[in-house]
Amino acid sequence: MNLLTVIVLLPLAGFVLNGLLGQRLGKPFVSIVGCGLPILAFLAAVRSFLLLQGGDGTALVETAYTWAIVGDFSFDISLYFDRLSAVMTLIVTGVGSLIHVYSTGYMKDDASYARYFAYLNVFLFFMLMLVLGRSLLVCFVGWEGVGLASYLLIGFWFEDPEKAAAGKKAFITNRVGDAGFLLGMFLVYHTLGTLEMDRINAAYSGDVLPAVSASLVGILLFIGAMGKSAQIPLHVWLPDAMAGPTPVSALIHAATMVTAGVYLVARLNGVYLHAPEASQLITVIGASTAFFAATVAIVQTDIKKVLAYSTLSQLGFMFVALGVGAYGVAVFHLYTHAFFKACLFLGAGSVIHALSGEQDIRRMGGLAKKIPVTFVTFAVATAAIAGIPPLAGFFSKDEILWFAFSSETGGSTLLWLVMSGTALMTAFYMFRLLWLTFLTPSRMSHETEHHVHESPFSMTGVLIVLAILSAIGGFVSIPHFLEPLLPMPTAREALEHYETSLIVLSVVLAVVGLAGAVFVYRAGLARADALAARFPRLHRLLSGKYFVDELYDAVLRRPLHWISDRIFLGIGDRFLIDGSLNGMAALAQRAAGRLSRVETGSLQLYVLFAVLGVVACLAWMWRNG
Amino acid sequence: MADPTVLNLVLWLPVAGMLAIALTPRGQDSLVRAVSLGVMLLQLALTAWLYAGFDATQPGLQFVTNVPWIREWGIAYSIGLDGFNILLVTLTAFLGPLVVAGAFTAIQKDVKLFYAMVFFIQFAMLGTFVAQDLFLFYVFWEAMLIPMFLIIGIWGGERRIYATLKFVLYTAFGSILMLAAVIYLVYSLYTTTGITSFAFTDLYQNQLPLDTQSWLLAAFGLSFAIKVPMVPLHTWLPDAHVEAPTAGSVILAGVLLKMGTYGFMKLGFPLFPDATRAFTPALMTLAVISIVYGACLALVQTDIKKIIAYSSISHLGYVMLGLVSLDLLGIQGAIMQMVSHGIVAGGLFMMVGMIYERCHTRDIAAYGGLARLLPVYSVFFMILTLAAIGLPTTSGFTGEFMALMGAFNAAWPQFEAGYALPLVLAAIAVSGVILGALYMLWLAQRLLFGGTRAPHQPFTDLDLREKLILVAIVAAIFWLGLFPAGPLSKTELAAREYQQLVLGTHVFGSAP
Amino acid sequence: MDRVQFLVALSVALFVVGLVGVIIRRNALVMLMCMELMLNGVILSLVTFAQQTGTVSGAVLVFLIFVVAAAEIAIAIPIVLLLSRQRKTLDVEAYSELKG
């Protein structure tokens, strides 16, 4: 029963068809193929899910073929479907299909419509390989493949050199993470003799622990996750990735690709459960990313950049959950985040579409009545991300905060404080965004205001679906569903009675954030600008995103170029190596020149030499008998 | 399945091609081209037959021809296919028609001589790969220099004389030392066993003391290292590539560079196993230096061909890394990487040639936004770039992944035993994938994206001939990337034999 | 000193004088004459030894040398003549184009 292979191959077929024939057969063909095949994949995923539930709980496994056999080891291309895979696959195909449908409206007037859908389909293919792969090798193929799709889609409007450069930045930063992933893979293969993730988990959960420490493996694979999920210090590509079309930002940089790192750690929970150092590292990095990204989001003025930093921050939440052992909760937050973040991004796309390309929130405002559907869905999603009950974000974020506080494996008050502070900031900047975009008096230019129109149903329909999911999605208890696979961490007994007060506190924080945002931004930008003027240096630091890009440029890029150019090329190749070669050639020429002076052309000199030679020979013969 | 005539036919077909061309009347360039293409395609078909008929389960040589040549010195005309050369022979035969077809519009003067030289070099390269007698090997090794000298020297760019002289003298210098070593080797075989023979199988069994081995390895190794090329003996390559015509670059990058690594794999290391094991850290260091140095230099070039030339140095560093790892994965990865690099680098040079024919410049600054001007070209260029980077599903990934894994497998136990250098080197080599992506994507960026800019517009996108060539290359890249199990099975026994020979555990006369 | 020794010494003397003359003199014709002198010295020693040993082979060689010398002169003198017409001098130093 090759259902899993079908799920993976459907989008690939879409890529091939749209890539080769799309331009020629026109937009309707591309739309049908480009959206239809992902929808079919979603249906196949549902069917697999039902099969899984109907069975006895063992995972579905399919081996497509053997990639290579070396020695006694065979690298198989196998697909694996358990509850975690089910959640991930349904999100990827479900939200993916929705975004494909949205794209038919958003990219309607673009000349490269076929190319866009081809890239989107190939992304889906690789992402499904990533989440369905049984071995780290298949996962890695999908891992790099989504990086490729991301590169192609970020740089989709490649005539703008900045957009193309953003794509390249994404790929390179991901590659740095991939180097760590590769090392982790090699280590695992060498010591365990297998790359299959279920077997790796089993090896670490058994009685006899493998020779290599779980933490080392965990840290190396986490480096890969850091790159893909844009955690500090490999986060720099995500804000720049907003150069791509907005549906791309929604699909790849919110709902699916960036969550691959979370998936990887959750999948290998068997390793991370026995790797306290690695888990601590994950917690620290997750918390730092969450906190610092939130601080930067407060001062961003591009609607997509706010959402990008918000994504970084929410990913940090997920990693904190992973770090304290709450793997199922992290996946729960991944699931709710997919809904509300996709809704937010697509809503932003709708706003940009309505304003004919304007992305600066300083030039928006007063859109609530003009584009009501977009406004309502955006508001619902904002409330969800801020953690207002009973929307989805409240449930998932709250569980994270609870385990951050109370988990025996890494929970602490300090961690809870940092994460709650981040939650407060999240509510603040998200409602700031909502107010400045929709509810404050209009700051739009007269031209733009005149042309404001609601988006077509292909776009608003998807927004409505996603908003509904953001509202009710939290009632599906994913952590409970995943508990057989991903055990919940134990909470410290002494702290258990704090649970309800923490819930109340987090709701209070959300409301405080909302109130704060309304207070500062109700009338527009005036109060905010005054605040910024009072703390100029802080404002500059935050607006400059802590100058990390500039740091990397100064410490990595420019020295690399300088060393390669001046030292390796200038001194090494040209001066030393080529210099010595050309020098030897010149030496040979000069020596030959000097020696050739023997050839004077004078006959008598030659005869003299001949005679001397004969005399010398005779003397030698006489001397040596 | 041991019919040797087909192999002889494959080997001598280029000579027949040379004769056929020589007999065509003057001025009939299109006839010359057609004949050349026909002969090359015939050779490819025969080679495909050989490939299919190659039995992966049988150790040792297949399709053997062993005819005594100079009996007094033990020299024989001995050729055969084994796991070491089957893939390389197939690669050479595969690139043959592509080179010929690719040069249809590029070479307009002395067309007969050009294709004769292409055949000559094809003959020499195939001979080097299939020779099983050291004298025969040396003859073919040296013979390859003459046509290359002429190809670069006559049809090359502005500094072609400098480049071709550098190439020939550099390579010949190494070969002279190798000749001395060959003579000494055969002589020592004679003094220890009384047998005078140049055959590989006899020479493998010769036991030499360690310091003799070290000197001989240095002599052989110098010659091969110049060919690979390994840093610091690499500076002939950028000049040769830049000045050579497209077909010359494709032959050079596609096959000639593999002769160096093949030499190491077939001769250098197995003939002197103790010295190889003793020098493994140094060899590994040189391999990693090649990877990093080549990549760094590729980053700061302004000529497209030079970037690809330095990238070749970097990629072949992975091959050397895999070979000295002495791990089965590493060795298989090295062989895969050899074939993959031949196809990818050959394809990239072919594409540079296509753009050069249209715009007559190789300066990166002159180009921009080609994805808008030449969409089909850009698709193929992007695919080749990704293969060079080692994206999974391409052949580049297969080679790099396995070679790195092999190096790591060899390094980790040494680390656990307290010796950290191999692990550090392996980690640096893994970080080489970052550098690889850096310069290749930078190149793709400058050429394909951004504002449109190119001299001598308007020009046409790829025509049918160019598309067919690139489709063949891309198909090969994906075949090796997605389904490497077939080729790997054919080389497995040879890889084991290599491993055993170098580790000193091979029992002569039995299967590995 | 007996006759043989004297004659051999004489032939050596002739040879050496001829050799020195070839090395030192710059006039082409004089160089040719000195080469003849060297040949004559060799002839003298051949005849001496032929007479001494009583065999004929030495004398036969002498006739060989006569023939070769005659042929050589027949070729050499016209060459020198033609060359000297080109350069208007018999000085050997004038013909040094083959230098370097």
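Every chain is numbered from 1 and lettered A, B, ... according to where its sequence line falls, protein lines coming before strand lines.
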Select, from [options], the one with the greatest count of heavy-atom pairs under 4.5 Å involving chain B.
{"options": "A:N174, A:I577, A:V141", "value": "A:I577"}
{"options": "A:I77, A:V176, A:D160", "value": "A:V176"}
{"options": "A:L148, A:L187, A:L581", "value": "A:L187"}
{"options": "A:W143, A:F171, A:Y189", "value": "A:Y189"}

Has the side chain of [X] got a donor or acceptor atom that lies under 3.5 Å from a matching backbone atom of [Y]?
{"X": "A:W562", "Y": "A:R557", "result": "no"}
{"X": "A:S564", "Y": "A:L560", "result": "yes"}
{"X": "A:S135", "Y": "A:L137", "result": "yes"}
{"X": "A:R115", "Y": "A:F156", "result": "yes"}

(Q) Show the nearest heavy-atom pair for residues A:F15 and A:N121, with the distance to one decimal. (A)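 A:F15 and A:N121 have their closest heavy atoms at N-CB, 3.7 Å.
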Q.
Quiz question: by atom type and distance under 3.5 Å, do the side chains of A:T66 and A:D76 form a donor-acceptor pair?
A.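 A donor-acceptor contact under 3.5 Å links the two side chains.
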Q. How about A:D110 and A:W157: does a side-chain donor come under 3.5 Å of a side-chain acceptor?
A.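 On atom types as modelled, these side chains qualify, holding a pair under 3.5 Å.
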Tell me, for [X] versus chain B, whether the close heavy atoms (under 4.5 Å) come from the side chain, the backbone, both or neither.
{"X": "A:I563", "value": "neither"}
{"X": "A:F140", "value": "both"}
{"X": "A:L182", "value": "side chain"}
{"X": "A:A165", "value": "both"}
{"X": "A:T191", "value": "side chain"}

Closest-packed option against chain A by number of heavy-atom pairs under 4.5 Å, given [options]:
{"options": "B:E416, B:M382, B:M402", "value": "B:M382"}
{"options": "B:L297, B:L233, B:L488, B:T393", "value": "B:L297"}
{"options": "B:H234, B:K166, B:Q301, B:Q332", "value": "B:H234"}
{"options": "B:I331, B:T235, B:L435, B:L448", "value": "B:T235"}
{"options": "B:L482, B:L438, B:L386, B:L299", "value": "B:L482"}
{"options": "B:V300, B:L328, B:T452", "value": "B:V300"}

Give, as side chain, backbone, both or neither, the part of [X] having an atom under 4.5 angstrom from any heavy atom of chain A.
{"X": "B:F401", "result": "both"}
{"X": "B:L169", "result": "neither"}
{"X": "B:S489", "result": "neither"}
{"X": "B:W442", "result": "both"}

Q. Among all residues two or more places apart in sequence or in another chain, which pass the ring-ring contact (aromatic ring centres under 6.0 Å, His included) test with B:Y498?
A.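 Partners of B:Y498 under the ring-ring contact (aromatic ring centres under 6.0 Å, His included) test: none.
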**Q.** Any pair counted as salt bridge (charged side-chain N to carboxylate O under 4.0 Å, His left out), so long as it reaches residues 128-140 of chain A, sequence neighbours left out
**A.**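 Sorted pair list: A:R134-A:E196, A:R134-A:D198.
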(Q) For B:Y439 and B:Y310, I'd like to know if the aromatic rings sit close, meaning centre-to-centre distance below 6.0 Å. (A)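 For B:Y439 and B:Y310, the ring centres are not under 6.0 Å apart.
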Q. What about A:F123 and A:F125, are their ring centers closer than 6.0 Å?
A.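 Centroid separation for A:F123 and A:F125: 6.0 Å or greater.
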Q. Hey, are B:D303 and B:K306 close enough for a salt bridge, meaning a charged N less than 4.0 Å from a carboxylate O?
A.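 The answer is no: the pair does not qualify as a salt bridge.
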